[in-house]
Asks: 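I have a structure here, written as structure tokens, and I will follow up with some questions on it.
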Amino acid sequence: VEMIAESEKPMLICGGGVVRSRAHEEFRQFVRRIDAPVAITVMGGGGVSGRDVMTTGMIGMHGSVASNMACDNCDLLIAVGCRFSDRVALKPETFAHQAKIVHIDIDRAEINKNVQTDHHIIGDAKQVLNLLLERLPQYEHKEWKDFVLSFPRETEYGESESVLTPKQVLSAIARKCPQDSIVATDVGQHQMWAIQHLHFDYPGQLLTSGGFGTMGFGLGAAIGAKQGNPDKTVIHITGDGCFRMNGNELATVAYYGLPVITVIFNNRNLGMVRQWQSLIYDHRYSQTSLENRSPDFVKFADAFGLKGRRVTQPSELEEAITEALAESAQGRGYVIDCAINADEMVHPMVNGGHHITEFLLS
């Protein structure tokens, strides 16, 4: 409480512990009480609304410019329920180097493991935040917020009417699908694009394997989400490499009548590895191309008695999503195979082991 009182440039990180503890209401009150911008880890999606004006987006390797610049310039960083992984604290010795760091986490083993803290509280996020809210007056940090929010919170891409891009796919999903739809992802570029461009409002709305890096996780997670939330639209976002790991579970989708909508970002490559090979390994590609071994995913869906559509143009997106939603309403799954360019990349990007503002791509 004293550290907050002394701070002129506070910043928050919303980690997966906020989601697990269902501490989202307390965290949102905390954000307002200390009037601080908040960045979100991959696992923290839904702990604070991605649409909130105080949210700066993801932090770290593929974090927004606003999040990473805020981290680099804040004088107090309060991280709730996160582990400072190497995708967030890329270079621990310079991470939030101007700030005092406070870590709130239920697991004592996480404290000072990756990032050295100035203060820590070991406890359940919901309980700790309630105790803090009892002791905190209202603060205002307008000048600091204006500085942070002057930086981009979401990447803008040069869009074209003739070339299908990941942002166009996700924007169409956001427009056409209910705002409370549950999203399950696999791992890779599509995972980062989804977390960057879809804004999650409540805990459990985003299902992703995070640091486990589990290709094939998404479809099973989506099946479980639909079984547990039959009244909500469930969207499985995947890549062509990941979908081939566990696509056979369309049999389960069809057999049990679970209307999961699968959207495949099909670049005929293991996209995230290719991105690293392009940017960091001087275009030396090894074992990432699936060009000559990629199945027809629409025919694959048809083999299980499910409908699907291949989309190659932006103009085809909304019709495909409308058809998918109509099939979903009838209790049937659907597959949308989106053909995107192999050279599409996740922006921004900071190389591992580098300072958080050393953007390879911005």
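Below, each value reflects all heavy atoms present in this structure, side chains not excepted, and no hydrogens, waters or symmetry copies.
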Asks: Answer yes or no: is there a side-chain heavy-atom contact under 4.5 Å between Cys338 and Ile264?
Replies: no

Asks: Taking all heavy atoms of Leu164 and all of Thr312, pick out the closest pair and write down the distance.
Replies: CB-O, 3.8 Å

Asks: Going by the angle between their ring planes, with limits at 30° and 60°, are Phe84 and Phe95 parallel, tilted or perpendicular?
Replies: perpendicular

Asks: Determine the interplanar angle of the Trp144 and Phe147 rings, folded into 0 to 90°, and report it as parallel if under 30°, tilted if 30 to 60°, perpendicular if over 60°.
Replies: parallel

Asks: Does a side-chain heavy-atom distance below 4.5 Å link Asp240 with Phe265?
Replies: no

Asks: Is the closest side-chain heavy-atom distance between Leu279 and Met345 below 4.5 Å?
Replies: yes

Asks: Between the side chains of Thr56 and Ser64, is a donor N or O closer than 3.5 angstrom to an acceptor N or O?
Replies: no

Asks: I'd like to check Ile104 versus Leu132 (side-chain heavy atoms, cut-off strictly below 4.5 Å). Are they in contact?
Replies: yes

Asks: Using only heavy-atom distances, determine whether the side chains of Asp72 and His97 contain a donor-acceptor pair under 3.5 Å.
Replies: yes

Asks: Would you find a donor on one side and an acceptor on the other, under 3.5 Å apart, between the side chain of Gln227 and the backbone of Ile223?
Replies: no

Asks: Looking at side-chain heavy atoms only, is the closest gap between Thr55 and Ile40 below 4.5 Å?
Replies: yes

Asks: Do the ring planes of His236 and Phe243 sit parallel (below 30°), tilted (30 to 60°) or perpendicular (above 60°)?
Replies: tilted

Asks: Can you see which heavy atom on Cys242 is nearest to which on Val187, and at what distance?
Replies: SG-O, 3.1 Å

Asks: Are a donor atom and an acceptor atom from the side chains of Tyr285 and His283 found within less than 3.5 Å of each other?
Replies: yes

Asks: Does a donor on one side chain sit under 3.5 Å from an acceptor on the other, for Gln189 and Glu344?
Replies: no

Asks: Assess, by modelled atom type and distance only, whether the side chains of Gln179 and Asp201 contain a donor and an acceptor separated by less than 3.5 Å.
Replies: yes

Asks: I want to check something: taking the side chain as every heavy atom from C-beta on, are Met69 and Thr357 in contact at a cut-off of under 4.5 Å?
Replies: yes

Asks: When the aromatic ring centroids of Phe304 and Phe300 are compared, is their separation below 6.0 Å?
Replies: yes

